[in-house]
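First up is the structure itself, then whatever we jot down about it.
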Amino acid sequence: MSSTEPMSSTERPGDAESTDLPAGVAPSVLELFGNTPLVRLGRLSEEEGLAATLAMKMETTNPGGSTKDRPALQMILDAEAAGELVPGGTIVEPTSGNTGVGLAIVAAQRGYDCIFVMTDKVAPEKVDLLRAYGAEVVVCPVAVAPEDPESYYSVAERLVEETPNAYRPNQYANPSNPAAHTASTGPELWAQTEGRITHFVAGAGTCGTITGVATYLKAQNPEIQIIAADPEGSVFSGGSGRPYLVEGVGEDFFPDAWNTDLYDGIIAVSDADSFSMARRVARTEGILVGGSGGMAVAAALRVAAAAGPDDLVVVLNPDSGRGYLSKVFNDDWMANFGFTTSSGPTLADAIERSGGPRDLLYVNPEQPVREAIDVMRTNGISQLPVCKNTPPFAAAEVMGSVDELVLMRAAADDRATLDLPVESVLGPSLPTIGIGQEVNLAIEQLRTATALLVLGGGRPCCILTRSDVLEFLEFGDDLGGDRHVD
Ligand code: PMP
């Protein structure tokens with residue numbers, strides 16, 4: 001794909017039409033892209049006893065509320081210039097997130113239609129947000145293979161082929177994505193810090209932000225340290241691409257913009273540290289960052305702790321925590337995923353009491369039923385979670401469970417069941433509970449459930465049964481409540 005000259009931070013589309021307007025009136029929302037503020041994180045720096053100065057680049061003040069507005073605009077302008085996007089054309093992109101919002105804004109201004117393809121695991125608010133800008137959203141089932149005609153990938157490809165004048169920006173391979181940051185974010189940082197920036201820290205997804213900014217800053221001063229923050233488990237920091245819960249960052253492949261020649265370090269941050277930092281930044285600084293912003297700040301604090309008094313560390317805040325109120329900022333969600341700890345006796349205490357955590361026993365959906373029965377018999381257990389992939393799992397990789405009662409009935413009806421894959425007799429998933437939640441809550445849940453799947457740090461870590469709880473109670477612990485096992 002050919003690319004035009006990237007826009008600079010002073011030249012904006014629409015400038016020519018703005019001549020009769022008072023200086024304080026922007027000709028359109030597109031002129032409000034970029035020029036985001038930089039703010040010192042003074043309270044956090046004080047709490048951490050930092051010698052270096054720590055500042056945050058607030059990409060939340062872009063009209064779409066994220067760092068992706070800039071590449072969205074650049075990709076469209078470049079596609080127009082290259083004749084790949086023609087008047088009345090339709091932008092088709094598989095995206096559920098911030099890039100979609102940026103593209104929808106540019107499309108509204110410049111008269112294009114938008115079709116976004118996403119999976120049914122995406123939160124309904126995200127679908128509604130894109131529809132609010134007039135975009136069409138096609139939702140595909142997540143539980144089908146990539147080659148299935150109904151899959152996210154197949155549908156996006158088909159829509160590009162079938163839609164007249166369709167243009168697919170493909171942010172993972174589009175050079176206009178990093179170019180947007182080289183042209184605007186980098187120069188802004190250089191000017192705002194008066195050339196005193198010594199370290200730049202940002203989360204990496206498509207790598208557009210980190211690579212684009214690094215390209216500009218390294219050209220000004222090759223000594224500036226560029227540090228990518230990455231969720232633990234993602235390929236950028238040496239993982240397999242899974243499992244992690246932080247959204248918008250980390251990948252299971254290397255996008256075109258990935259360029260280690262420009263990076264001085266890659267810091268892996270756990271989901272637990274990312275989420276607790278997002279909450280801390282909101283409470284300490286009054287800045288509501290999302291999970292990936294929390295991840296970037298956690299990495300930046302590590303960088304800043306090792307930096308000196310003359311250093312100026314800048315961390316990029318890619319989007320707002322408003323998009324994550326039902327997760328990172330929801331106390332029940334955090335507790336259920338095992339990210340927070342209650343004050344009473346917790347499941348962690350109970351598990352410790354009964355000999356410490358044991359490996360999670362599981363079966364894969366394609367294993368024969370016979371093998372599931374073997375695992376249960378050998379380990380003296382009566383249910384098993386059925387999980388895709390290999391440990392450690394994400395909670396979302398738990399597809400369901402198998403139970404000895406169900407297996408016994410199925411095998412009694414037809415012996416051939418023993419050789420069928422486990423997924424053919426899959427039962428519902430076990431209810432989940434966070435490892436830091438109270439034993440009393442487990443007792444409540446075990447009135448109806450035979451076992452619970454315990455999550456710690458967002459990942460399934462063990463199964464808790466009634467006899468595990470009884471073992472804990474035998475030691476006469478006071479559960480601090482008035483509930484009893486009956
Ligand atoms: N954080 C969030 C919330 C994002 O949506 C993205 C974009 N995927 C990023 C960080 C990373 O930005 P980039 O794609 O430029 O690497």
Side-chain angles (χ1 to χ4, degrees), residues 34 36 56-60 62 64-75 93-104 116 118 122-123 125-126 129-130 169-186 200-216 226-231 234-237 244-260 262-263 266-267 269 271 274-275 277-278 281 288-300 315-325 327-329:
T36 58
M56 178 180 269
K57 179 75 166 156
M58 298 288 290
E59 288 297 284
T60 41
N62 281 304
S66 90
T67 186
K68 303 304 290 194
D69 279 6
R70 301 173 192 258
L73 177 57
Q74 190 75 58
M75 290 191 293
E93 183 84 337
T95 170
S96 56
N98 292 323
T99 306
V101 174
L103 289 170
F116 298 117
M118 52 186 81
V122 160
E125 302 92 272
K126 293 204 171 178
L129 178 62
L130 292 168
N170 191 6
Q171 57 168 333
Y172 286 96
N174 192 327
S176 308
N177 170 10
H181 293 286
T182 309
S184 63
T185 324
F200 176 70
V201 185
T206 65
C207 300
T209 308
I210 190 95
T211 293
V213 169
T215 303
Y216 183 86
I226 305 294
I227 295 102
D230 192 41
S234 150
V235 290
F236 302 145
S237 52
Y244 54 87
L245 292 170
V246 175
E247 294 175 46
V249 280
E251 290 300 342
D252 57 3
F253 70 104
F254 293 93
D256 283 9
W258 164 257
N259 183 351
T260 45
L262 292 170
Y263 316 148
I266 298 164
I267 297 182
V269 183
D271 284 336
S274 303
F275 295 159
M277 187 58 74
V281 173
L288 192 63
V289 304
S292 73
M295 177 193 74
V297 174
V315 59
L316 183 130
N317 171 18
D319 76 349
S320 160
R322 274 185 185 243
Y324 310 92
L325 291 181
K327 294 183 176 175
V328 183
F329 295 98

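The figures that follow rest on heavy atoms only: side chains count, while hydrogens, waters and symmetry mates do not. Whatever order the structure lists them in is the order used to number ligands and atoms, beginning at 1. Keep in mind it's a predicted model, so treat the numbers as computed, not measured.
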Sub-4.0 Å heavy-atom contact, [X] with ligand 1:
X: Trp258; answer: no
X: Gly97; answer: no
X: Ile210; answer: no

Location of contacts on [X] toward ligand 1, heavy atoms closer than 4.0 Å:
X: Thr206; answer: both
X: Ser292; answer: side chain
X: His181; answer: neither

Per-atom contacts of ligand 1 with [X], taking only distances under 4.0 Å to non-hydrogen atoms:
X: Ala204; result: 16 (O)
X: Tyr324; result: 3 (C)
X: Thr209; result: 12 (O), 13 (P), 15 (O)
X: Asp319; result: 3 (C)
X: Pro318; result: 1 (N), 10 (C)

Ignoring hydrogens and angles, tell me if any N or O in the side chain of [X] forms a donor-acceptor pair with the backbone of [Y] under 3.5 Å.
X: Asp69; Y: Gly64; result: yes
X: Asn317; Y: Glu59; result: no
X: Asn98; Y: Lys68; result: no
X: Tyr216; Y: Gly212; result: no
X: Asn170; Y: Asn174; result: no

Item checked: Contact summary for Gly208 and Asn177, nearest pair of heavy atoms ->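 Minimum heavy-atom separation between Gly208 and Asn177: CA-OD1, 3.4 Å.
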Next item on the list: For Val269 and Ser274, work out which heavy atoms get closest and say how close.
Entry: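 Result for this residue pair: CG1-OG, 3.5 Å.
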Check: Taking only residues two or more places apart in sequence or in another chain, which ones pass side chain to side chain contact (heavy atoms under 4.5 Å, CB included) with Ser234?
Finding: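 For Ser234, the residues satisfying side chain to side chain contact (heavy atoms under 4.5 Å, CB included) (neighbours in sequence not counted) are Asp230, Pro231, Phe236, Tyr244.
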Item checked: Shortest protein heavy-atom distance from atom 4 (C) of ligand 1, along with the residue and atom involved ->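 Closest protein heavy atom to atom 4 (C) of ligand 1: Gly248 O, 3.6 Å.
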Next item on the list: Among all protein heavy atoms, pick out the one at the shortest distance from atom 5 (O) of ligand 1; state its residue, atom name and that distance to 0.1 Å.
Entry: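 Protein heavy atom at minimum distance: Asn98 ND2, 3.0 Å.
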Item checked: Thr67 versus Lys57, side-chain donor and acceptor atoms under 3.5 Å ->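 No, no side-chain donor-acceptor pair sits under 3.5 Å.
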Next item on the list: Assess the side chains of Thr99 and Gln171: does a donor N or O sit below 3.5 Å from an acceptor N or O?
Entry: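 Per modelled atom types, Thr99 and Gln171 side chains form a pair under 3.5 Å.
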Notebook entry, point to check: Judging by distance only, is a nitrogen or oxygen of Cys207 under 3.5 angstrom from one on ligand 1?
Noted result: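 Cys207 vs ligand 1: N/O contact under 3.5 Å present.
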Notebook entry, point to check: So is Val249 polar-close to ligand 1, meaning N/O to N/O under 3.5 Å?
Noted result: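 No, there is no polar N/O contact under 3.5 Å.
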Margin query: Which option wins on minimum heavy-atom distance to atom 11 (C) of ligand 1: Gly250, Gly212, Gly205, Gly293?
Written below: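 Heavy atom nearest to atom 11 (C) of ligand 1 belongs to Gly205.
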